[in-house]
Participant: 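Sharing a structure, written as structure tokens. Questions coming.
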Amino acid sequence: MSTYRKYIIAGNWKMNKNATEAKDFAEELVEHQGNQTDVSVVVCPPATDLQAVGHVFEGSNCSLGAQNMHPADAGAYTGEVSAEMLRDLFVSYVILGHSERRQYFGETDAFVNEKVHTALRNNLKPILCVGESIEERDAGRMIEVVKHQLLEGVSGVSEDQLDSLVLAYEPIWAIGTGRTASPEQAQEVHAALRGILAEQFSSEAASRVRILYGGSMKPENADSLLAQVDIDGGLIGGASLDVRSFVKLVEAAQAITERQLSATV
Ligand code: PGA
């Protein structure tokens, strides 16, 4: 019997929207989606918007996520934000190891792994991102690349802690390019990632981990991606900036969930 995994639809706003725009978006989102419970809805705004969005989300079913975090508890790290600061603003998820952080800010697997541990210790759910470049895919090396990123990212994580971790497969060539991985291409890598987790931890633990797809997911292609057995939601950049398209993505996940639940009754 396959394990039921609740979909996560997470918006990654990147460096977009000021606090006023963020508040307006959050209010509209809560109005449309605030009380549904079949899908976990997460918004990851810039750090400067966390408080405004958090206020609006209070008492709703929408959750707050951050886009980054420093691994140290506190100290002389100009410009950085700690896990405790995020917890204080009722943040529950944090994106770690996004390819833009790896590419533009030189984040290594070891540094991402430190952050994963800090997040878990502070009751934040890491959304750990992995993904290959187009050159790596063309060379047929994508599984090898994501395996390395995954195993380094979760190094030292216990099986119990794995339940709090979310994985995101984001092929770099699909991010912000309008070029989406086909459902089959994404499913192949998602299944491989789950297999790697099963080997490293146990198949039971691996079957509970939510693996999100990210890379030009939008309302037009969400259905076929989300319908894949190992795709448990989306990490969405561009299409999460418009509240109507974000809501459509939540509705797509909701509709598939309802179909799955009625099929098991
Ligand atoms: P995109 O970004 O949906 O704009 O491709 C996804 C991401 O980078 O998380």
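Ligands are counted one by one from 1 in listed order, and the atoms in each one are counted from 1 as well. All residue numbers refer to positions in the sequence shown, counting from 1. Only this structure's heavy atoms are used, side chains among them; waters, hydrogens and symmetry mates stay out. Predicted model, so just to flag it, every value in this text is computed and none were measured.
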Participant: Between ligand 1 and the protein, give all atom pairs where both partners are nitrogen or oxygen and the distance is under 3.5 Å, as lines of names plus distance to 0.1 Å.
Facilitator:
unit_1: ligand 1; atom_1: 2 (O); unit_2: Lys14; atom_2: NZ; d: 3.3
unit_1: ligand 1; atom_1: 2 (O); unit_2: Gly237; atom_2: N; d: 3.4
unit_1: ligand 1; atom_1: 3 (O); unit_2: Ser216; atom_2: N; d: 3.4
unit_1: ligand 1; atom_1: 3 (O); unit_2: Gly237; atom_2: N; d: 2.8
unit_1: ligand 1; atom_1: 4 (O); unit_2: Gly238; atom_2: N; d: 2.8
unit_1: ligand 1; atom_1: 5 (O); unit_2: Gly176; atom_2: N; d: 2.7
unit_1: ligand 1; atom_1: 5 (O); unit_2: Ser216; atom_2: N; d: 2.7
unit_1: ligand 1; atom_1: 8 (O); unit_2: Lys14; atom_2: NZ; d: 2.7
unit_1: ligand 1; atom_1: 8 (O); unit_2: His98; atom_2: NE2; d: 2.7
unit_1: ligand 1; atom_1: 9 (O); unit_2: Asn12; atom_2: ND2; d: 3.4
unit_1: ligand 1; atom_1: 9 (O); unit_2: His98; atom_2: NE2; d: 3.3
unit_1: ligand 1; atom_1: 9 (O); unit_2: Glu170; atom_2: OE1; d: 3.3
unit_1: ligand 1; atom_1: 9 (O); unit_2: Glu170; atom_2: OE2; d: 2.7

Participant: Can we say Lys125 and Asp163 salt-bridge, meaning some charged N sits less than 4.0 Å from an Asp/Glu carboxylate O?
Facilitator: no
Participant: Any carboxylate oxygen within less than 4.0 angstrom of a Lys/Arg side-chain nitrogen, looking at Glu144 and Arg141?
Facilitator: yes
Participant: Which heavy atom of Leu86 sits nearest to which heavy atom of Asn68, and what is that distance?
Facilitator: CD1-O, 3.9 Å
Participant: Is it true that the side chains of Gln254 and Asp38 contain a donor and an acceptor less than 3.5 Å apart?
Facilitator: yes
Participant: Do NZ/NE/NH1/NH2 and the carboxylate oxygens of Arg194 and Asp232 come within less than 4.0 Å?
Facilitator: yes
Participant: For Arg208, is there an ion pair with Glu204 - N to carboxylate O distance below 4.0 angstrom?
Facilitator: no
